[in-house]
Amino acid sequence: TMLRLRLLTWDVKDTLLRLRQPVGQSYAAEARAQGLQVQPEALGRSFREVYRAQSRRFPNYGHGQGLSSRQWWLDVVKQSFRLSGVQDEAALTKLAEKLYRDYCSPHNWELLPGAAETLSRCRQLGLRMGVVSNFDSRLEVILSQCSLRHHFEFVLTSEAAGFAKPDGRIFEQALRLGGARPEQAAHIGDDYSRDYRAARAAGMHSFLLRAAGQGEGPEVPPEHVLPTLIHLLGRIEK
């Protein structure tokens, strides 16, 4: 079956790029550079707790609640360190601003296997491509720094869209930007509900990146599952 695709939309985190090391380790290394000893494991736990609470209280980086995504992140970083025992406000501010900048740099991100090759091949096939990601405004810079930005006609973040996946409205915006009808488009991502199911609910095709041994998630037809990114080519070139 040839899918008559014109547009591919891509999730980024854990689909095309992943963190080189856990957040707790990066945060602890930055703290050490500023003369503070904080346990990476404790920081990692604090971060997860704070991130969850902040996401509940101010969804989508506080969009529509008067928060900038920068302020949202600075608060998350400071609060993560506070929970891990750092009380010095000047140090917290310095750490937060440094880490906010650091996560724009390729220093913290690496490409998933097959990402560059798969994107290049999809462009050679003449497909239009865009990003649909629950991310803040730093994503453009991150993609440029990691040499991926040139593959995409547009980068649509949840911050810019005003809606976060699984809200179908972010996919509708992407289809408008990509000039395609839902049935001419496919979304690729690693999250079952935010990527796979949400894109299908919007009338698009979608593929779920699910590495072997990732544990059993919900049932997905095997032809919609990508054990690696390179597998996408076999699914769309038929």
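Note that these values count all heavy atoms, side chains included, but never hydrogens, waters or copies made by symmetry.
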Q: Check for me, please, whether L233 and L7 land in the same ILVMFWY cluster - side-chain distances under 4.5 Å, paths through other members count.
A: no

Q: For C122 and L8, which heavy atoms make the closest approach, and how far apart are they?
A: SG-CD1, 3.6 Å

Q: In terms of hydrophobic clustering (I, L, V, M, F, W, Y; side-chain heavy atoms under 4.5 Å; direct or indirect links), are Y196 and L175 co-clustered?
A: no

Q: So, Y61 versus S158: side-chain donor-acceptor pair below 3.5 Å or not?
A: no

Q: Do R235 and E223 meet the salt-bridge criterion of a basic N to acidic O distance under 4.0 Å?
A: no

Q: Do N134 and F163 make a side-chain contact, defined as non-hydrogen atoms from C-beta onward lying under 4.5 Å apart?
A: no

Q: Hydrophobic clusters here meaning ILVMFWY residues chained together by side-chain heavy-atom distances under 4.5 Å, can you tell me if F207 and M204 are in one?
A: no

Q: What are the two closest non-hydrogen atoms of L232 and W10, and how far apart are they?
A: CD2-CH2, 3.5 Å

Q: Are the side chain of W109 and the backbone N or O of C146 linked by a donor-acceptor pair below 3.5 Å?
A: no

Q: Would you say the side chain of V141 lies within less than 4.5 Å of the side chain of Q145, judging by non-hydrogen atoms?
A: yes

Q: Out of the candidates L17, L209, D195, only one should pair with D11 under the side chain to side chain contact (heavy atoms under 4.5 Å, CB included) rule; please name it.
A: D195

Q: Drop me the distance from Q39's CD to S46's OG, to the nearest 0.5 angstrom.
A: 11.5 Å

Q: To the closest 0.5 Å, what do you measure between CD (Q65) and NE2 (H63)?
A: 9.5 Å

Q: What distance separates L74 CG from Q79 CD, expressed to the nearest 0.5 Å?
A: 13.0 Å

Q: Minimum heavy-atom separation for T15 to G189, with atom names?
A: OG1-CA, 3.5 Å

Q: What are the two closest non-hydrogen atoms of R82 and Q87, and how far apart are they?
A: O-NE2, 3.8 Å

Q: What pair of heavy atoms forms the shortest contact from P182 to A202, and how long is it?
A: CB-O, 3.6 Å

Q: Answer with yes or no whether the hydrophobic clustering places V132 together with F152; edges join I, L, V, M, F, W, Y residues whose side-chain heavy atoms lie under 4.5 Å apart.
A: no

Q: Show the numbers, then the answer: is there a side-chain contact (heavy atoms from CB on, under 4.5 Å) between S68 and Q71?
A: CA-CA 5 Å; S68 67; Q71 192 54 56; 3.3 Å; yes

Q: Taking atom CZ of R70 and atom CG of D75, what is their separation to the nearest 0.5 Å?
A: 10.5 Å

Q: If the threshold is 4.0 Å, N to carboxylate O, is there a salt bridge linking E183 and R6?
A: no

Q: Rounded to the nearest 0.5 Å, how far apart are CG of L139 and NZ of K13?
A: 12.0 Å

Q: State yes or no: do L177 and M129 share one hydrophobic cluster built from I, L, V, M, F, W and Y residues joined by side-chain heavy-atom distances below 4.5 Å, directly or via other members?
A: no

Q: Applying the side chain to side chain contact (heavy atoms under 4.5 Å, CB included) test to R210, which of T228, V220, D191, L226 qualifies?
A: V220

Q: Could you tell me whether the side chain of F154 reaches within less than 4.5 Å of the side chain of T9, counting heavy atoms only?
A: yes

Q: Any donor-acceptor pair under 3.5 Å linking the side chain of K98 with the backbone of E30?
A: no

Q: Any chance CZ of R138 has more than 12 other-residue heavy atoms, nucleotides or ligands included, within less than 6.0 Å?
A: yes

Q: Would you call K94 and E89 a salt bridge, taking side-chain N to carboxylate O under 4.0 Å as the test?
A: no

Q: Between D88 and A91, is there a donor-acceptor pair closer than 3.5 Å when you use the side chain of the first and the backbone of the second?
A: yes

Q: Run through R197, R200, H187 and flag the one making a side-chain hydrogen bond (donor to acceptor under 3.5 Å, both in side chains) with S206.
A: R200

Q: Does the side chain of R176 come under 3.5 Å of the side chain of Q173 through a donor N or O and an acceptor N or O?
A: no

Q: Do I236 and L125 pass the side-chain contact (heavy atoms from CB on, under 4.5 Å) test, and can you show the C-alpha distance, the side-chain angles, and the key distance before you say yes or no?
A: CA-CA 10 Å; I236 62 178; L125 292 171; 4.3 Å; yes

Q: Enter the distance from L127:CG to E153:CD here, rounded to the nearest 0.5 Å.
A: 10.5 Å

Q: Is the side chain of E159 donor-acceptor paired with the backbone N or O of S137 at a distance under 3.5 Å, no angle test?
A: yes

Q: Where does the angle between the aromatic ring planes of Y27 and F47 fall among parallel (under 30°), tilted (30 to 60°) and perpendicular (over 60°)?
A: perpendicular

Q: Kindly confirm or rule out a cation-pi arrangement of R57 over W72, judged by NZ or CZ under 6.0 Å from the six-membered ring centre and within 45° of its axis?
A: no

Q: Considering residues at least two apart in sequence or located in another chain, which fulfil the side chain to side chain donor-acceptor pair (under 3.5 Å) criterion with N108?
A: none

